[in-house]
Amino acid sequence: MSDSVVRFDLPQSQIPRQWYNVQPDLPRPLPPVLHPGTHQPVGPDDLAPLFPMALIMQEVSQERHIDIPDEVREIYKLWRPTPLLRARRLEKALDTPAHIYYKYEGASPSGSHKLNTAAPQAYYNKAEGGHGLTTETGAGQWGTALSQACSFFGLDCEVYMVKVSYQQKPYRRVMMQTYGANVYASPSDRTQSGRAILAKNPDSTGSLGIAISEAVEMAATSGGKYKYALGSVLNHVFMHQTVIGLEAIQQLELAGEYPDVIVGCAGGGSNFAGIVLPFLPDKLKGGKDIRIIAVEPLSCPSLTRGKYAYDFGDTAGVAPMVKMYTLGHNFVPPPVHAGGLRYHGMGSIISDLYDQDIIEAQAIPQTETFQAAMTFARSEGIVPAPEPSHAIAQVIREARAAKEAGEKRVILFNLSGHGYFDMAAYEQYLSGGLTDYAQPEDEIAAAIAELPTL
Ligand SMILES: *Cc1c(COP(=O)(O)O)cnc(C)c1O
């Protein structure tokens with residue numbers, strides 16, 4: 001009987017009371033973040049116009065565990081703990097001896113993992129007397145999560161949405177507006193960075209890097225009224241996301257298993273970090289032989305084809321410089337449907353772990369990810385977002401490898417969000433109109449050649 005269980009639930013009392021901060025457990029300290037103008041390490045005062053002090057301190061904290069405020073835990077209760085499922089029907093479809101488990105972050109009210117960090121970011125801004133937050137959004141998942149979080153905590157929310165998404169995904173915009181946000185198509189004429197781009201290219205359809213420049217500029221020039229919120233990349237964001245892995249550890253214990261392989265898709269790295277980092281001490285110090293795999297699109301291969309170097313977080317060069325795997329801040333990826341994976345860089349923690357060969361990376365073409373999504377939808381029922389479909393494609397590769405080796409391997413992956421707002425992408429796939437883009441080597445080389453020199 002017990003071996004037919006497919007869903008491992010925790011009671012609400014088991015929602016983590018602390019986030020896990022990996023920094024004291026990293027094999028070497030992270031490279032400092034640099035000021036975009038002076039190229040000197042940034043201090044708290046440099047970041048204070050953009051972020052509340054609590055988040056600035058979390059960004060550099062060396063404390064292993066940080067308490068989750070009660071007010072944030074109350075919000076988490078709306079959907080956490082998220083379920084851990086064993087994908088028995090997918091295993092059967094693949095005829096694999098592997099045991100496949102997934103953590104379902106699509107269970108949140110915004111449909112992705114992003115609310116795990118949007119809620120605490122809004123909370124700390126409110127607690128420090130903030131009036132509102134500015135941000136950028138590409139596919140719309142982050143903008144939606146932040147709009148919700150701001151409405152929970154009574155903050156104003158100003159979202160710069162990449163123009164091509166603004167035009168193609170009107171329902172995402174309406175969802176953000178439903179939660180009370182103001183949404184602008186980026187590049188806009190509201191900021192200097194936006195106007196500069198429009199002067200050069202009036203038809204610019206925007207990029208995440210441009211939208212970040214606009215949102216940062218609006219916060220920095222607001223005289224303290226607005227601060228800025230980022231949905232990925234930063235250390236404090238990764239730490240907020242560790243609720244995913246902390247719950248998964250307990251749920252796998254209920255299942256009586258331990259992962260051999262952990263897989264997540266990686267745009268800026270936050271959902272991947274969230275499921276992976278709580279397992280890292282077991283690998284680094286506990287002697288556990290876990291393979292950890294970050295999966296990115298072949299069309300935006302920051303880890304697998306980027307360079308480990310200092311780069312700006314945004315296009316205009318107003319955001320701080322981070323040492324990361326990057327394709328260059330001027331890199332504009334082709335319009336693949338996994339909008340959340342179209343960032344030119346990768347968070348510092350994930351970049352440094354990759355540089356030390358502690359984690360692996362794979363780049364997967366778009367059509368393979370949609371094939372994987374179809375296999376998953378038809379066996380497990382959930383229609384996955386295009387982003388975690390990259391993770392599913394890698395899981396399917398791993399499950400086939402386990403079959404070939406004749407080994408029962410335990411595979412855990414993060415299903416970071418559902419795809420119910422991505423029907424246009426599915427329609428295109430189903431009608432045969434979806435193509436693969438591999439970025440030509442000279443285009444990547446050209447963007448990397450524009451990295452800032454220190
Ligand atoms: C934003 C997003 C991603 C990519 O961002 P990460 O910071 O790398 O997690 C992946 N999946 C979903 C569902 C997203 O909304």
Side-chain angles (χ1 to χ4, degrees), residues 82 102-118 121 135-148 159 161-162 165 169 172 175-176 208 211-212 229-245 262-277 293-297 300-303 313 322 324-325 333 336-351 353-354 359 361 363-364 369 373 376 382-394 413-422 425:
T82 57
Y102 62 96
K103 185 76 169 144
Y104 185 42
E105 290 298 309
S108 92
S110 70
S112 81
H113 66 293
K114 298 252 173 36
L115 202 52
N116 296 329
T117 184
Q121 290 195 47
T135 199
E136 71 291 333
T137 197
Q141 290 279 17
W142 168 242
T144 304
L146 194 70
S147 304
Q148 287 185 336
V159 182
M161 185 173 190
V162 177
S165 306
K169 301 188 171 183
R172 295 269 201 200
M175 196 160 168
M176 290 183 263
L208 220 43
I212 295 175
L230 188 59
S232 184
V233 177
L234 298 177
N235 303 338
H236 68 263
V237 177
F238 288 6
M239 184 186 78
H240 299 154
Q241 294 294 354
T242 59
V243 290
I244 303 170
I262 308 177
V263 180
C265 65
S270 73
N271 86 88
F272 175 73
I275 196 158
V276 156
L277 295 182
I293 309 170
V295 190
E296 55 187 16
C300 192
S302 326
L303 288 171
V322 177
M324 58 182 173
Y325 274 88
V336 289
H337 288 291
L341 305 184
R342 292 178 71 232
Y343 184 61
H344 65 272
M346 185 61 65
S348 173
I349 290 174
I350 298 307
S351 293
L353 289 172
Y354 182 64
I359 62 171
I364 297 195
T369 67
F376 189 83
I382 296 167
V383 177
E387 292 87 356
S389 299
H390 288 69
I392 296 170
Q394 182 64 27
F413 77 96
N414 195 7
L415 185 47
S416 54
H418 66 61
Y420 301 132
F421 280 101
D422 297 285

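One-based numbering, in listed order, for ligands and for the atoms of each.
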Aromatic ring pairing Tyr104/Tyr102, orientation class (parallel under 30°, perpendicular over 60°, tilted between): perpendicular
Restricting to side chain to side chain contact (heavy atoms under 4.5 Å, CB included), what partner residues turn up for Val237, sequence neighbours left out? Thr117, Gln121, Leu234, Ser270
Find the distance between OG1 (Thr135) and CG (Leu230) and round it off to the nearest 0.5 Å. 6.5 Å
Under 4.0 Å to a heavy atom of Gln141 - the qualifying atoms of ligand 1, by number: 15 (O)
Quick check on contacts: which atoms of ligand 1 are under 4.0 angstrom from a heavy atom of Gly340? 4 (C), 5 (O)
Any N or O on Leu341 sitting closer than 3.5 Å to an N or O of ligand 1? no
In the protein, what heavy atom is nearest to atom 3 (C) of ligand 1, and what distance, to one decimal place, separates them? Lys114 NZ, 3.6 Å
Find all atoms of ligand 1 within a distance of less than 4.0 Å from any non-hydrogen atom belonging to Gly417, and give their numbers and elements. 13 (C)
When you compare the side chain of Val162 with that of Leu208, does any pair of heavy atoms fall below 4.5 Å? yes
Distance to 0.1 Å, residue and atom name: give those for the protein heavy atom nearest to atom 12 (C) of ligand 1. Ser416 OG, 3.4 Å
Side chains of Glu105 and Asn116: any donor to acceptor distance under 3.5 Å? yes
What's the shortest heavy-atom distance between Glu136 and Ala211, and which atoms? CB-CB, 3.5 Å
Say whether Gly269, considering both its backbone and side-chain N or O atoms, lies within less than 3.5 Å of an N or O atom on ligand 1. yes
the protein heavy atom lying closest to atom 8 (O) of ligand 1 turns out to be Gly267 N, 2.6 Å
Tell me, please: is His418 in heavy-atom contact with ligand 1, that is, under 4.0 Å? no
With a cut-off of 4.0 Å, which atoms of ligand 1 are near a heavy atom of Ser232? 6 (P), 7 (O)
Tell me every residue that passes side chain to side chain contact (heavy atoms under 4.5 Å, CB included) with Ala273, counting only those two or more places apart in sequence or in another chain. Phe238, Leu277, Ile350
Tell me the contacting part of Ala266 for ligand 1: side chain, backbone, both, or neither, using a 4.0 Å heavy-atom threshold, strictly below. backbone
If you look at every heavy atom in Thr137 and Gly143, which pair is closest and at what distance? OG1-N, 3.0 Å
Considering both backbone and side-chain atoms of Glu387, is one of its nitrogen or oxygen atoms within less than 3.5 Å of a nitrogen or oxygen in ligand 1? no
Atom of Ala266, atom of Glu296 and distance for their closest heavy-atom approach: O-CB, 4.0 Å
Side chain, backbone, both or neither: which applies to Glu105 and ligand 1 if a contact is any heavy-atom pair less than 4.0 Å apart? neither
Please could you name the atoms of ligand 1 that Cys265 approaches to less than 4.0 Å, counting only its heavy atoms? 10 (C)
